[in-house]
Number of protein chains: 2
Amino acid sequence: MSTHPGNDAASPSLESEYIAEVLSAVENRAGESRASIARLLGLSRTTSSKIVSQLIDLKLLVEKNLLREGRGRPGMLLDLDTSTWRAIGAEYHSGRWTFVETDLKGNILRTSSLKVARGADPDTFLDGLAKGLGEFSANATGELLPTFGVGAPGLVDCDRGVILRADDLGWKNVRVAEFVKKKLGAKVLLINRNRGAGLAEARFGAGRGVHQMVYIGIGTGISAAFMIDGKLVHGSLYSAGEIGHIAMDTQGPVCGCGKRGCLHVYASGWAIARRAAALMEQGRESSLAAGGKRSEPLTGEEVCVAAAAGDGLALECVQDAAAKLGLAVANIITTFNPDKVVIGGPIGLINGPLLDTLRAEAERWTMPHAFQAAKIERGALGESVGAIGGACLVLDRKLSLVASVRGR
Amino acid sequence: MSTHPGNDAASPSLESEYIAEVLSAVENRAGESRASIARLLGLSRTTSSKIVSQLIDLKLLVEKNLLREGRGRPGMLLDLDTSTWRAIGAEYHSGRWTFVETDLKGNILRTSSLKVARGADPDTFLDGLAKGLGEFSANATGELLPTFGVGAPGLVDCDRGVILRADDLGWKNVRVAEFVKKKLGAKVLLINRNRGAGLAEARFGAGRGVHQMVYIGIGTGISAAFMIDGKLVHGSLYSAGEIGHIAMDTQGPVCGCGKRGCLHVYASGWAIARRAAALMEQGRESSLAAGGKRSEPLTGEEVCVAAAAGDGLALECVQDAAAKLGLAVANIITTFNPDKVVIGGPIGLINGPLLDTLRAEAERWTMPHAFQAAKIERGALGESVGAIGGACLVLDRKLSLVASVRGR
DNA sequence: CAAATTTGTCAAGTTTCTTTACAAATGTCT
DNA sequence: AGACATTTGTAAAGAAACTTGACAAATTTG
């Protein structure tokens, strides 16, 4: 036994091209042993064993209990090592930074959040991120992977870590990665927050094990993420999934983008709130009007909650939105043929009438075989899903990150 | 020098994991030498050289002229060897089998076609395929890769080589691969003909070098193929791309599928022909009516040709179809953010007013940045593109196929 | 024409993976 | 219970693949 565990001179070499394959075999399947991995990847037991022991030394894998099945000596069950490495992810949403710390399996170990002025300027946004990351990472429960994953609003250049534009906030060219590098000396992997949420749901949530997944995030705006065989579809300029502005009706009302009949004007949180406010303005009764004059403007979430509680006006607004969403989802199902459609976002996660209407309308406008293939479900990771998505980006690179920490 | 070139005892071993990478480096780039490949893949010149000589022995690569650039000894320019190996692809379309023989670069060396009864039963269809393949492959101009690539109508199970269903023909579970295996003893790679066409355009046609491509095939029906980073998107049950039945207007006319307002009822060849016929029935004048009573029903292609020639009625029909196509393309661009949209199929390839209208309407219904990224162009491979797509499937596996022929 | 540079190949050396062998741990059959 | 078959994990020896270092060949530059 070594007296200096792990970090000593006899540290593993990490030269095999099969290391990543072995790791992902353990990650994506359950109940693998050294021998079963060897069979799976077409390697000898010796090689599999050697790689596994390297990964154990790196604290990426652990041996669990014995695998009793069939005859012969039982194998050692392998699993991701959740004891040591930690990933930190962040997401900005509604004027608030959310931070999560996860283990290698994406389990949330710790959360924190930091309020900044809603609709703030990019500088406030960036300062909040750096401050939050600095404080949050100081209290890590394990060894940190040396990169932060960040989910941001707007059109994101993932390669350069820049928010190219966030139209609803009026931002342009916000260089997030560069800022954090300067402020904290740490690397940032940036992604659009809804794409990050889709990634997280695909890896750890409602889309686990699904090969063709569509995530639809419904909040103030609407956008989607396409996960095909474990990979996120970015598109040419990172705007794949921006379904908020698909044209639903060429005769429809004018949208903020200048076009008519965008999905956004029918089904976003913004649209739901506006519609409810307009109906109340016309004198329609609703529980939403209780308490007289409001200080803050009505939100889509509030309307959805009221609808779930049975408010007639709210129900009407939500169901109309859900019907349009259902039609959009139908066309996405027809176009993509996914195995699963995951509905998320602040609006999508509310346990109300939205999902049933959406599902019924999606069925109405799709071919039966495509609809049956596509299970439509709510997201399973809750509110901080976007931050988990950031952590996912870090976890996807854990191998190279660990290698670089260990100073290969 | 060996007296038995290629096939003798000293045949190459094909064990390196870099063989495929070297081959695709030469394939997808131009002007590579042994040394430049070594740099590209991070290999030593020795290894690169060894692999290249193996590939030359296998007749997959050839040395061309010298590469004079910069100082130093010029490298040997490498290229795919077009002298030996041949791929055969087939496509069924409008009651006709088309066969193509290509070299490793997808160049068409020979074509043939075989008419079978239009709207024939599956048996006639299969007999025609086996007969055609048998005769066509007998006259090969080189050594055949031992597999045929076949583009077929309908929903195709690529793994098992079965047409699961072709609704417009009324077929179900047509086991193409099994039939050809029995009849000719040869393996078949089956694909939907429009997906095959998309594959071919991405590899050898208008989508060369494009990372995010959408192919839209417009014939009697409409369907699409999505090529993301060189890979075709199949979807969960191989129906990704079946955009003929996306809902364009919930108030629209009833479609054959039972729903309302499908793209198919507005913009397919079937729809264009029906619309033109209806207008003429109402007494509208058109060059299409010349020659009195017709024996065959009017086709969408005829209307498009008449529109290109300036016929007013035809122009109206084509432009209305193109406008709906443009709207559909707009939503696809918004959703996918492609670099290029390739318009193909019997209708899409006709050099008439369709493309301009489609492009204008697509621009009208997309965000500027997404539209600008997506160049909309006609297919570059002509009518037999589906058959070339079949050949593509074979070429994509050339390495393993050649290895198996050489009896590794 | 010499010097510098780059290519392609050979021989020798290193690393990685496999083969062969064996102890250890289990189920099965008698 | 005990012999036997089966499977796992590891170690030592061997094979295969890739790299290093060296060198002739082919070019540009000065």
Side-chain angles (χ1 to χ4, degrees), chain A residues 1-2 9-23 25-26 29 31-58 61-79 399 403 408, chain B residues 1-2 9-23 25-26 29 31-58 61-79 399 403 408:
Chain A
M1 282 228 187
S2 168
S11 83
S13 56
L14 265 178
E15 295 299 333
S16 168
E17 315 188 12
Y18 295 108
I19 285 201
E21 289 188 57
V22 169
L23 189 56
V26 176
R29 314 171 136 252
E32 298 291 332
S33 65
R34 291 163 172 85
S36 70
I37 290 171
R39 278 192 300 271
L40 185 71
L41 300 179
L43 295 171
S44 66
R45 287 203 308 275
T46 312
T47 304
S48 166
S49 192
K50 199 169 265 176
I51 294 175
V52 165
S53 62
Q54 286 180 23
L55 291 170
I56 289 176
D57 281 358
L58 286 170
L61 294 184
V62 278
E63 291 182 329
K64 296 217 141 175
N65 40 340
L66 291 179
L67 252 174
R68 276 204 188 74
E69 51 178 37
R71 295 183 278 204
R73 171 177 165 180
M76 270 292 195
L77 177 63
L78 297 169
D79 200 0
L399 200 56
R408 170 172 112 67
Chain B
M1 283 227 184
S2 168
S11 81
S13 57
L14 268 179
E15 294 299 332
S16 167
E17 314 187 13
Y18 294 109
I19 285 201
E21 289 188 57
V22 170
L23 189 57
V26 176
R29 313 173 134 252
E32 298 290 334
S33 66
R34 290 163 172 84
S36 70
I37 290 170
R39 278 192 300 270
L40 184 73
L41 300 179
L43 295 171
S44 65
R45 288 203 306 275
T46 312
T47 305
S48 167
S49 193
K50 201 170 263 174
I51 293 176
V52 165
S53 62
Q54 287 179 24
L55 290 171
I56 289 176
D57 281 358
L58 287 171
L61 294 183
V62 278
E63 291 182 329
K64 293 217 144 176
N65 39 341
L66 291 178
L67 252 174
R68 276 204 188 73
E69 51 177 38
R71 296 182 277 205
R73 171 178 165 179
M76 271 292 195
L77 177 63
L78 297 168
D79 200 1
L399 200 57
R408 168 172 115 65

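Protein chains get the first letters and strands the later ones, always in sequence-line order, with residue 1 at the start of each. What you see is a predicted model; the values in this text were computed from it and never measured.
In this structure, A:Arg34 does not reach the D:dT7 phosphate: none of its side-chain N or O atoms is under 4.0 Å from OP1 or OP2. Within the 4.0 Å cut-off from OP1 or OP2 of D:dG9, at least one side-chain nitrogen or oxygen of A:Ser33 is found.
Residue A:Glu32 holds its CD atom at 3.5 Å from OG of A:Ser36, rounded to the nearest 0.5 Å.
Atoms CG (A:Leu41) and P (C:dT18) sit 10 Å apart, rounded to a whole Å. If you measure from atom CG of B:Asn65 to atom P of D:dA26, you get 16 Å, rounded to the nearest angstrom. Atom CD of B:Glu63 is separated from atom P of C:dT7 by 15 Å (rounded to the nearest Å). Rounded to whole Å, the distance from CD on A:Gln54 to C1' on C:dC17 is 12 Å. The CD1 atom of A:Ile56 sits 10 Å away from the P atom of D:dG9 (whole-angstrom rounding). Atom P of nucleotide C:dT18 and atom CD1 of A:Ile37 are separated by 14 Å, given to the nearest angstrom. A:Tyr18 places its OH atom 10 Å from the P atom of D:dC18, with the value rounded to the nearest Å. Atoms NZ (A:Lys50) and P (C:dC17) sit 9 Å apart, rounded to a whole Å.
Comparing the end axes of the helix from C:dC1-D:dG30 to C:dT30-D:dA1, each fitted to five base pairs by superposing C1' atoms of four pairs onto the next four, gives an inter-axis angle of 20° (nearest 10 degrees).
If you check distances only, the side chain of A:Thr47 never reaches the base of C:dT16 with a donor-acceptor pair under 3.5 Å. A donor N or O paired with an acceptor N or O is not found under 3.5 Å between the base of C:dT7 and the side-chain atoms of B:Ser49.
Considering only residues two or more places apart in sequence or on other chains, A:Arg71 meets the salt bridge (charged side-chain N to carboxylate O under 4.0 Å, His left out) condition with none of them. Shown here are the side chain to side chain contact (heavy atoms under 4.5 Å, CB included) partners of A:Glu21, two or more places apart in sequence or in another chain: A:Tyr18, A:Leu41. Considering only residues two or more places apart in sequence or on other chains, A:Ser44 meets the side chain to side chain contact (heavy atoms under 4.5 Å, CB included) condition with A:Thr46, A:Thr47. With sequence neighbours excluded, no residue satisfies salt bridge (charged side-chain N to carboxylate O under 4.0 Å, His left out) with B:Arg73.
The side chain of B:Met76 lies closest to C:dG8, out of C:dG8, C:dT9, C:dT18. Listed nucleotides: D:dG9, D:dT19, C:dG8. Nearest to the side chain of B:Ser44: D:dT19.
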Checklist entry - Which parts of nucleotides 22-30 of chain C does protein reach within less than 4.0 Å, heavy atoms only, written one letter per nucleotide 5' to 3' as B for base, S for sugar-phosphate only and - for none? => result -BBBBSS--

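In this structure, A:Ile51 and A:Leu23 have side chains that are not in contact, with every pair of non-hydrogen atoms separated by 4.5 Å or more.
Ion pairing between A:Arg34 and A:Glu63 holds under the 4.0 Å rule for side-chain N and carboxylate O.
Closest of all the heavy-atom pairs between B:Ser33 and B:Leu67 is CB-CD1, 4.0 Å. Between B:Val22 and B:Val52, the shortest heavy-atom contact is CG1-CG2, 4.1 Å.
Within the nucleic acid shown, B:Leu43 comes within 4.0 Å of sugar-phosphate atoms alone, with no base atom in reach, counting heavy atoms only.
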Checklist entry - Between B:Leu55 and B:Ile19, does a side-chain contact (heavy atoms from CB on, under 4.5 Å) hold up when you go through it step by step? => result CA-CA 8 Å; B:Leu55 290 171; B:Ile19 285 201; 3.8 Å; yes

